[in-house]
Enquirer: 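Before we start, here is the structure in question, set down as structure tokens.
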Amino acid sequence: MSQLGISGTIPVLLEMEGTTEEEVITEMIRALQGRAEVRDTGVFEQAVLERQKVHPPLLGNGVALPHARTSAVTEMVLVIGKCPAPVAFGPEQIPVKLIFLYGVPAPCISEYLASVAKLTGFLRQPGCLDQLLMTADEAGFRALLP
Amino acid sequence: MSDFSKASPELSKSMRRLVHARIWLGERVLGNELRSTLLWAAIIGWVGAWVSIGFKEATEWLHTFFTGSRAGYIASFASLPWWQRVMVPMVGGLLAGLTLYFGNRIRKKQNSTDYMEAVVVGDGNLSVKSSLVKSVSAGFSASTGASIGREGPLVLLAALSASILGRWLRFSIARKRQIVACGAAAGIASAYNAPIAGAFFVAEIVLGSVAMEAFGPLVISSVVATLVTHAHFGTEALYAAPVFSFQQTRELIPYLLLGLLSGVMAPAYLEFLKWSEVGFAKLKLPDWARLTLGGLIVGLLAIMHPEVTGNGRSLVFGILHHPGTWQVLAVILVFKVIATGATFGSGAVGGVFTPTLFVGAAVGYLFGVAVAAVLPSWGLVPGAFGLVGMGAFLAAATGAPVMAIIMIFELTLNYQVLMPVMLAGVVGYYVCRSLTNRSLYKDALARKGAAAVAQYLATLKIGDLMQADHGTISSHASFGEIAKSFVHNRHDHLHVVDDGFFKGAVALQDIRAYLDQPELEKLVIAHDVMHDDHPCLRADMPMVDALHFFSAAQSERLPVTDENSRFLGVIGKTDLILFLAGKPRDVV
């Protein structure tokens with residue numbers, strides 16, 4: 001299990017094709033298709049989109065952390081995606097380049113908070129975000145993650 | 001680009017420090033609501049003690065006014081001519097009766113005035129007017145030589161202070177009942193210099209429970225009240241007894257027999273008190289005439305034996321130190337019981353605790369004289385039997401053996417007396433219970449219509465004990481708003497309510513470790529961290545059922561909803577336990 005509390009490989013999409021908020025979310029969730037931890041990608045996607053409507057979780061500096069607590073996942077899952085061009089998120093159309101999408105089973109509140117705290121702590125490190133955005137290969141990207 | 005610290009967080013550094021301080025305090029000092037009850041218990045103990053001291057001083061002053069003597073009751077009455085021995089209790093009875101008569105007329109709404117009723121079967125609301133009327137009446141009776149104890153008004157006034165405080169602070173029913181019980185314990189403790197017995201008195205007799213949730217505050221209140229009383233009157237034991245020595249195991253045999261005798265005598269004593277009460281009631285006299293008649297009877301008895309006047313404290317002291325001949329004591333015992341019956345039966349306000357102590361001491365002493373005569377070689381001391389007799393008779397008459405045993409220890413501060421009192425007390429208690437269901441205070445409760453109110457309590461549901469929750473948050477509340485809400489509402493869970501419907505609860509425990517992460521304030525809302533399976537009580541649920549939910553929730557309070565999940569309020573675990581602990585045993 002990684003330091004982010006995710007078991008198994010974290011899918012990393014370095015060249016996403018989507019150009020809208022919904023499209024990139026759909027694309028990222030599709031990357032989880034076939035994984036044992038995901039029961040229903042449709043329900044998962046719906047839950048994430050619903051959550052985005054309420055209060056899109058934007059960290060600033062072009063980073064978004066969309067997520068949903070849903071019974072569609074049996075374990076906490078994470079997908080990371082990088083957009084070649086900024087994608088507008090939320091009603092204020094904030095440009096986003098790097099996306100960390102979480103799926104959280106309802107009871108895993110502490111695990112989710114621990115993971116997000118670890119991730120934001122990591123992203124806070126000077127130069128870290130730039131490095132992630134510049135890395136072009138999956139292995140190199142994963143190697144940077146905590 | 002990656003400097004996230006420049007982003008302005010919703011929670012300032014000072015607010016985050018405040019949240020941390022709140023958590024630290026919550027975990028160590030304030031978190032549990034029971035702890036705040038302990039704080040209030042201490043305050044009530046202090047207030048109750050001063051109220052009791054005030055009443056004692058006022059009674060002493062009245063006594064000096066009526067008898068012209070600053071001496072004790074017996075010495076004062078012994079120095080009076082025969083006609084004054086009759087007049088003083090009679091006038092006292094008249095004044096006490098008139099106080100009740102006019103007090104009852106000006107009282108618009110009949111409310112609870114008996115401290116036990118208020119705690120056991122009431123809602124903790126004592127009527128100020130009624131309590132004051134009763135206390136003034138009790139002051140007239142006690143100061144003019146009526147054969148009645150002062151513990152009733154002392155306890156009532158201390159409990160009234162607590163009730164006023166509870167209403168002022170808008171406590172829940174359960175908490176009001178608990179602090180009124182604390183007031184009662186403070187009254188007993190300050191009346192008898194007996195902190196442990198004060199707590200046990202209320203726990204056993206008034207609350208009917210020694211559950212720690214209910215007992216702890218009583219102890220705090222009693223101890224504080226006793227400390228205040230010590231500071232004012234000194235630390236001497238109320239009935240400082242000669243050194244009691246318990247040397248041979250065989251001595252337990254006569255003490256066992258004394259327990260049996262006390263168990264048999266106590267029902268007769270209780271029956272006599274009841275008979276007196278019924279007898280006076282049959283006369284159908286107004287309050288003032290009935291109490292005047294009671295005073296007249298005491299006065300007539302005082303012509304021959306002024307020892308019958310007062311609560312009997314001097315008599316108990318006399319038995320322990322200078323008992324005189326057994327024949328004289330036997331006559332005084334009979335006279336004193338009649339005087340107590342006349343005072344109690346006439347409806348004088350007060351208590352029969354101290355007169356009961358005397359009856360026990362006298363019965364014990366007389367039994368000791370008989371045993372010493374039969375077994376002269378055993379070297380038995382009749383005074384020691386007086387001491388043990390007090391405990392045994394008290395245990396039997398009050399139905400509270402633990403309180404009686406501790407009370408005797410605290411009244412005498414004599415450790416050696418404990419084992420014989422324990423044996424005789426428990427035997428006396430069981431023998432008495434096998435002969436009658438009646439006890440000194442059970443009758444008082446029955447008179448006050450306890451059964452009807454107990455039935456009412458049995459019908460109470462969760463909704464009746466529920467309180468408003470002013471600290472709810474919406475499921476869209478940001479992480480910063482959640483943290484702020486935890487500062488303003490010192491609870492371990494915040495309830496999430498949307499459009500009036502309960503959605504879940506956010507636990508402080510979940511978020512406490514992440515309060516120094518300003519980035520989370522932009523990412524997390526209440527919906528992300530709320531437990532949507534948080535236990536929730538229905539307003540129409542019986543109280544007992546709620547306990548199971550609390551044991552599962554590990555929360556100090558739970559939300560209450562209607563059948564459609566509409567949020568109605570909250571109920572505290574402490575409130576529930578206090579309610580159940582203070583509920584009459586046959587109702588639970």
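Here is the naming used below: chain letters follow the sequence lines, and residue numbers restart at 1 for every chain.
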Enquirer: Please classify the contact between A:A114 and chain B as side chain, backbone, both or neither, with a heavy-atom cut-off of under 4.5 Å.
Expert: both
Enquirer: Rounded at 0.5 Å granularity, tell me how far CD in A:E50 sits from NE2 in B:H527.
Expert: 9.5 Å
Enquirer: What residue in B:D528, B:L520, B:V524, B:D532 has the most heavy-atom pairs under 4.5 Å with chain A?
Expert: B:D528
Enquirer: Is it the side chain or the backbone of B:I525 that comes within 4.5 Å of chain A heavy atoms, both, or neither?
Expert: both
Enquirer: Backbone N or O of A:P57 within a donor-acceptor pair of the A:R51 side chain at under 3.5 Å?
Expert: no
Enquirer: Contact part of A:L58 toward chain B, heavy-atom cut-off under 4.5 Å: side chain, backbone, both or neither?
Expert: backbone
Enquirer: Would you find a donor on one side and an acceptor on the other, under 3.5 Å apart, between the side chain of A:Q131 and the backbone of A:L144?
Expert: no
Enquirer: Taking the six-membered ring for Trp and the full ring for Phe, Tyr or His, determine whether the centres of A:Y112 and A:Y102 are under 6.0 Å apart.
Expert: yes
Enquirer: I'd like to know whether B:L523 forms a side chain to side chain contact (heavy atoms under 4.5 Å, CB included) with B:F479, so could you lay out the CA-CA distance, the side-chain angles of the two residues, the decisive distance to 0.1 Å, and finally the verdict.
Expert: CA-CA 8 Å; B:L523 303 175; B:F479 194 73; over 6 Å; no
Enquirer: Sort out for me which of A:L65, A:V104, A:V116, A:L113 touches chain B most, counting heavy-atom pairs under 4.5 Å.
Expert: A:L113
